[in-house]
Colleague: 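One structure is given below, represented as structure tokens, and several questions about it will come after.
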There are 2 protein chains.
Amino acid sequence: MSREMIRQGGRSARIQAAVHAASRALLEQQDRSAITVPMIAERAGVTPSTIYRRWGTLSDLFADVAVERLRPAAPPADTGDTMADLEAYTLEYAEEMSSSVGRALLRDVIADSSDDAPMRCCTYTYDNLRLISDRAVARGEAPLDIAQVFDRIFAPICYHILFADRDVGPDYCRRLLAEVGRGDARRGTD
Amino acid sequence: MSREMIRQGGRSARIQAAVHAASRALLEQQDRSAITVPMIAERAGVTPSTIYRRWGTLSDLFADVAVERLRPAAPPADTGDTMADLEAYTLEYAEEMSSSVGRALLRDVIADSSDDAPMRCCTYTYDNLRLISDRAVARGEAPLDIAQVFDRIFAPICYHILFADRDVGPDYCRRLLAEVGRGDARRGTD
DNA sequence: ACCTTAACGCTAAAAGTTTGCATTAGCGGT
DNA sequence: ACCGCTAATGCAAACTTTTAGCGTTAAGGT
């Protein structure tokens, strides 16, 4: 969306930061259905037309903000044990996403009109899993089967969060992890 | 949303039907970002304020329409073989949802501001799986582990459709089915 | 330092949304 | 079958949001 802009430095970047910050601030205070483009513009010290031109719709702006927030701040913890790494990362992911703000982020990302935002969000998870896998290989262990981790662990977690049909707690996550671990969780990347 | 209305008969129902029909028609012709409430209202022969009052926002109206379209028209096919029933239903589900209109429906449902639409959509799938399972029991077989079918088959399918990170074709679905079948796919409902 | 042009601010017009009031038409009670 | 009650609709005015044109500013390259 605003990734492949031609102008990236200076004012353009400052405005993007201001708009993102204003969006985040408002999302924390009010219900999203009460937030409007002019509100964000005023708080960011920008005219509404700038936002309309750069992001098009409120949904796309929120998707952009959500992707930004979903971008991992720190790499997954390195415990020295691959399965422990995976468990820690999974539990953190589930806890973060199943919160009301996390669920909103997920929905914003998925509502993006282009397929760009959801795919990028997916890539973040992939990169983290890849990192855990690479560390395993560096220790002489077999790599993680990342595709299977997506199918068996992260997909169910996201599904239940998005469809709100069941609670996604640590116990449930550990069961998913155990089912994968019990089988052939590692056998090379697809 | 419009489910628990007090008035259900006569004019109210006619208007709901007209608005739904108008929405569906417009969704087939134009990009959803180009569709507005006044457009739907005109096509349905209704004033915009009626739509605003009953559905609130365009997203919620679309979610309502999507749930309606997702409601199963016919029960899943009965082949006499439980696993064949499950395969047929899964492939049909995946094909329908991975199409561009299907994906849009899924996104509309998930974007619903209340958690009502996504959960109801989920229930439709559950009911269909339950039907397949019940038929299995009637034949003296073990029931389907529905929770596992959700986690191992439908969740991955929906995840990949929503995040657009990979293609969801019959081959992929059959692999998911095989992995469940190979394991303990039937062991009672959670 | 200069040139090109993407991006912004401003403003006015267009479109969409909200709201109050009058009217219509389900629904339950008689 | 009729009557009263009120949810639901239509209409129209007030209000807000969105779009579009135009001049200006400031990145980024030469």
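The figures here come from the full heavy-atom set of this structure, side chains too, leaving out hydrogens, waters and symmetry mates. Not measured: the values here are computed from a predicted model. So that the names make sense, note that chain A is the first sequence line, chain B the second, and so on, each numbered from 1.
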Colleague: Check the angle between the aromatic planes of A/Phe150 and B/Tyr159 and answer parallel, tilted or perpendicular using the 30° and 60° thresholds.
Modeller: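 Taking B/Tyr159 first and then A/Phe150, their aromatic rings sit tilted (interplane angle of 30° to 60°).
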Colleague: Identify each atom pair where a protein N or O and an N or O of nucleotides 8-14 of chain C are less than 3.5 Å apart, giving names and distance.
Modeller:
residue, atom, partner, partner atom, Å
C/dC8, OP1, A/Arg54, NH1, 2.6
C/dC8, O4', A/Arg11, NH2, 3.2
C/dG9, OP2, A/Thr47, OG1, 3.3
C/dG9, OP2, A/Thr50, OG1, 2.5
C/dG9, N7, A/Arg53, NH2, 3.2
C/dG9, O6, A/Arg53, NH2, 3.0
C/dC10, N4, A/Ser49, OG, 3.0

Colleague: Decide salt bridge (charged side-chain N to carboxylate O under 4.0 Å, His left out) for B/Arg152 and A/Glu179; before the verdict, give the C-alpha distance in whole Å, the side-chain angles of both, and the deciding distance to 0.1 Å.
Modeller: CA-CA 11 Å; B/Arg152 299 275 276 266; A/Glu179 282 175 15; 3.4 Å; yes
Colleague: Would you kindly give the CD1-to-C1' distance between B/Ile35 and C/dG16, to the nearest whole Å?
Modeller: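 So the two atoms are 15 Å apart, to the nearest Å.
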Colleague: So if I apply the salt bridge (charged side-chain N to carboxylate O under 4.0 Å, His left out) rule between B/Asp108 and each of B/Arg24, B/Arg32, B/Arg69, B/Arg103, which one comes out positive?
Modeller: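 Answer after filtering B/Arg24, B/Arg32, B/Arg69, B/Arg103: B/Arg32.
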Colleague: Check the distance between D/dT17's P and B/Leu58's CG and give it to me in whole angstrom.
Modeller: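 Atom CG in B/Leu58 sits about 17 Å away from atom P in D/dT17.
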Colleague: What is the distance, rounded to the nearest whole Å, between atom CD1 of B/Ile51 and atom C1' of C/dG16?
Modeller: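 From B/Ile51 CD1 to C/dG16 C1': 12 Å.
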Colleague: Please give me the minimum heavy-atom distance between A/Arg139 and A/Asp78, naming the atom from each residue.
Modeller: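 Heavy atoms of A/Arg139 and A/Asp78 come nearest at NH1-OD1, 3.8 Å.
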Colleague: Is there a side-chain contact between A/Asp167 and A/His160, using heavy atoms and a 4.5 Å cut-off?
Modeller: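 A/Asp167 does not reach A/His160 side chain to side chain.
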